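In what follows, a structure is listed as structure tokens, so that the remarks can point back to it.
Quick caveat, the model's predicted, so the values are computed rather than measured.
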Amino acid sequence: MTAIVRRAFAQGKQRDDQWMADFAATCMVNDAMRWWGALDEEVQGSWKLLRRAMLSKYRPMFHGGSGEEAEKFVRAVRDKAIEEGKRKDDEWIVTYVESCLIGEALRWHAYLDSDTKSNWEKLQQALLTRYPRGGSDGLALGLVPTSPAAAPPATTPKATRRGRIRVSNSSASAHQYLSARFTSDNTITPTTSLADALEVEWNTGSDGLQKLSISS
């Protein structure tokens, strides 16, 4: 769908609903073409209606790749919720998200706590932290309680990963992280804001030792 929108802008047809629908039809083959052929003419001739039908038929699957893929997935989920009139329905949104996860993302989601799974705001924060922009496979420290895998023999330094340290507090109503800000008596306190959380870097050196450092 992104390619269709880009082509429409390139041709100056971004406001031509029928042109975009016709162009989308020319891009379909096999099962997609048979599905399109079964639609009524009103949907076939309107990009707005056709796009909605496509999102309903072909939901955005998230594999758990790059930060850019994560951002596109979050935007797609938001768009879908708005189109369905479910923007404030957390239960509907998180259920829809679960149905779109496959591969590594599905495994990651399975280990999240139930509070995060059931709250869209927390879930999207966890997702964007797990898959940060600029990293092909970021790691959010403390967000996913998976067992550490055995490290292979290291001959070269591993890629640096960034994350935040989550504070374990069963009485807190929201996730808390170590804050990057000091109090007046020079102590570090928890914060619920990811923006104010202390960011750390984690990597495995050529000597095989795992190192945790504070990001500059």
Side-chain angles (χ1 to χ4, degrees), residues 1-10 14 20-21 23-24 27-32 35-36 47-146 159-164 166 174-175 177 192-195 197 199 202:
M1 284 185 282
T2 300
I4 293 170
V5 173
R6 288 177 177 174
R7 182 62 178 271
F9 270 94
Q14 67 272 18
M20 294 180 69
F23 177 70
C27 299
M28 296 183 185
V29 295
N30 301 328
D31 289 344
W35 167 80
W36 178 87
W47 169 241
K48 183 178 181 180
L49 297 178
L50 180 59
R51 179 178 180 275
R52 182 177 299 177
M54 291 170 65
L55 286 173
S56 179
K57 174 67 175 179
Y58 302 100
R59 61 188 61 205
M61 305 306 294
F62 181 59
H63 299 257
S66 66
E68 182 180 7
E69 182 192 354
E71 292 174 7
K72 289 181 178 179
F73 177 65
V74 169
R75 288 198 300 269
V77 171
R78 290 175 178 175
D79 289 345
K80 179 65 173 178
I82 291 173
E83 290 182 357
E84 296 293 334
K86 301 290 187 179
R87 186 173 65 88
K88 296 184 178 181
D89 189 338
D90 266 17
E91 183 178 357
W92 186 92
I93 296 175
V94 297
T95 301
Y96 178 73
V97 169
E98 288 178 1
S99 70
C100 297
L101 301 178
I102 57 177
E104 203 284 326
L106 177 63
R107 294 175 178 273
W108 165 79
H109 180 271
Y111 286 97
L112 290 175
D113 59 81
S114 57
D115 186 41
T116 300
K117 287 181 179 179
S118 61
N119 185 296
W120 169 232
E121 182 176 357
K122 293 180 180 180
L123 180 56
Q124 64 180 317
Q125 287 181 352
L127 191 151
L128 293 174
T129 301
R130 175 64 178 87
Y131 302 100
R133 174 172 281 274
S136 59
D137 186 21
L139 176 67
L141 300 180
L143 282 175
V144 189
T146 54
T160 299
R161 295 175 174 178
R162 291 176 178 265
R164 297 166 180 81
R166 196 172 77 185
H175 289 316
Y177 307 87
T192 58
S193 171
L194 284 173
E199 191 172 78
W202 174 75

Over all heavy atoms of both residues, which pair between Val94 and Ser118 is shortest? Give the atoms and the distance, please. CG1-C, 4.0 Å
Closest approach of Ala32 to Met28 (non-hydrogen atoms, all atoms of both residues): O-SD, 3.8 Å
Quick one: do Trp92 and Lys80 satisfy side chain to side chain contact (heavy atoms under 4.5 Å, CB included)? Show the steps, please. CA-CA 11 Å; Trp92 186 92; Lys80 179 65 173 178; 3.7 Å; yes
Could you walk me through whether Leu112 and Leu123 pass side chain to side chain contact (heavy atoms under 4.5 Å, CB included), step by step? CA-CA 9 Å; Leu112 290 175; Leu123 180 56; 3.7 Å; yes
Heavy atoms only: give me the nearest Lys72-Arg75 pair and the separation to one decimal. CG-NH2, 3.2 Å
Kindly indicate whether the side chain of Trp47, heavy atoms from C-beta on, has any atom under 4.5 Å from the side chain of Met54. yes
Any idea which heavy atoms bring Ala21 and Leu50 closest together, and the distance? O-CD2, 3.9 Å
If you compare all heavy atoms of Ile93 against all heavy atoms of Lys86, which two are closest, and at what distance to 0.1 Å? CD1-O, 3.5 Å
Is the number of heavy atoms from other residues, nucleotides or ligands within 6.0 Å of CD (Glu98) greater than 12? yes
Could you state the interatomic distance from NE2 (His63) to CG (Leu101), rounded to the nearest 0.5 Å? 10.5 Å
Heavy atoms of other groups near Glu83 CD, more than 12 under 6.0 Å: yes
Please check this pair: side chain of Lys117 against backbone of Tyr111, looking for a donor-acceptor N/O pair closer than 3.5 Å. no
Does some side-chain heavy atom of Val5 sit less than 4.5 Å from a side-chain heavy atom of Met20? yes
Is any side-chain heavy atom of Val74 less than 4.5 Å from a side-chain heavy atom of Phe62? no
Answer whether the closest heavy-atom distance between the side chains of Trp120 and Asp89 falls below 4.5 Å. no
Which atom names give the shortest non-hydrogen contact between Ile4 and Ala24, and what distance separates them? CD1-CB, 3.5 Å
Once rounded to the nearest 0.5 Å, what's the spacing between atom NZ of Lys122 and atom OG1 of Thr192? 9.5 Å
Would Tyr131 and Phe73 count as a side chain to side chain contact (heavy atoms under 4.5 Å, CB included) if you check the C-alpha gap in whole Å, the side-chain angles of each, and the deciding distance to 0.1 Å? CA-CA 11 Å; Tyr131 302 100; Phe73 177 65; over 6 Å; no
How far does SG of Cys100 sit from CG of Leu106, to the nearest 0.5 angstrom? 11.5 Å
Distance from Thr116 atom OG1 to Leu127 atom CG, nearest 0.5 Å? 11.5 Å
